[in-house]
Amino acid sequence: MAGEPQDDCLFCKIVEGHIPATIVRETETTVAFRDINPQAPVHVLVIPKAHYANAAELATEAPELAVDILRETKAVADEDKLESYRIVFNTGPGAGQTVFHAHAHVLGGRGMQWPPG
Ligand code: AMP
Ligand code: ZN
């Protein structure tokens, strides 16, 4: 069920402390940790503690959590002193989503190209 922890979900395991992560921030509803395979000098993932499959499900089932995530992306950028940065929600396998627990990528510390690949 949306919002409930999933046994087979990597990011639920990080939330529960069963898999280690380099956590940079935590709130009542969110966790932010460094991506294990960084694509930029700063690459942090911001996730809701509750399980939603992707940004679309989060937006429809728990929009208040989507706001929490967005607020935390700003806090991460401030802590890493990023003036410019990119926030990405890969949504669906065709867009490159590989972990099906909603997450925002915060990428910064280098120049970014547009359009993205
Ligand atoms: P996505 O492809 O948008 O679903 O993003 C999933 C991200 O999770 C990728 O950038 C991975 O590098 C990252 N990732 C996978 N496993 C871990 C982990 N154990 N700790 C931190 N980041 C991870
Ligand atoms: Zn999960």
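Atoms within a ligand are numbered from 1 in the order they appear, just like the ligands themselves.
If you put the vertex on the Zn ion (ligand 2), SG of Cys12 and ND1 of His51 sit 110° apart, to the nearest 10°. To the nearest 10 degrees, the Zn ion (ligand 2) sees ND1 of His101 and SG of Cys9 at an angle of 110°.
Formation of a donor-acceptor pair under 3.5 Å by the Glu72 side chain with backbone atoms of Thr27 is not found in this model.
Contact atoms of ligand 1 toward Arg34: 21 (C) (distance under 4.0 Å to a heavy atom of the residue). Those atoms of ligand 1 that come under 4.0 Å of a heavy atom in Gly96, given as number and element, are 1 (P), 2 (O), 3 (O).
Heavy atoms of Ile36 found under 4.0 angstrom from ligand 1 belong to the backbone as well as the side chain. In Leu10, the part holding a heavy atom less than 4.0 Å from any atom of ligand 1 is the side chain.
Looking at every heavy atom in both residues, His51 comes nearest to Glu4 through CB-O, 3.2 Å.
Of the polar atoms of His105, at least one N or O is found under 3.5 Å from an N or O of ligand 1, judged by distance alone. Inclusion of Pro20 in the set of residues having an N or O under 3.5 Å from an N or O of ligand 1 is not warranted. Geometrically, ligand 1 and Thr98 share a nitrogen or oxygen pair separated by less than 3.5 Å.
Checking Ile47, Asp35, Asn37, Val99 against atom 11 (C) of ligand 1, the nearest heavy atom belongs to Asp35.
Within the 4.0 Å heavy-atom cutoff, Phe89 does not count among the residues contacting ligand 1. Look at Gln39 and you'll find every heavy atom at least 4.0 Å from all atoms of ligand 1.
His103 NE2, 3.2 Å is the protein heavy atom nearest to atom 1 (P) of ligand 1.
With respect to Glu26 and Lys49, a salt bridge is recorded, a charged nitrogen being found less than 4.0 Å from a carboxylate O. At a threshold of 4.0 Å, the pair Asp8-Lys13 does not count as salt-bridged, since none of the basic side-chain nitrogens sits closer than that to a carboxylate oxygen.
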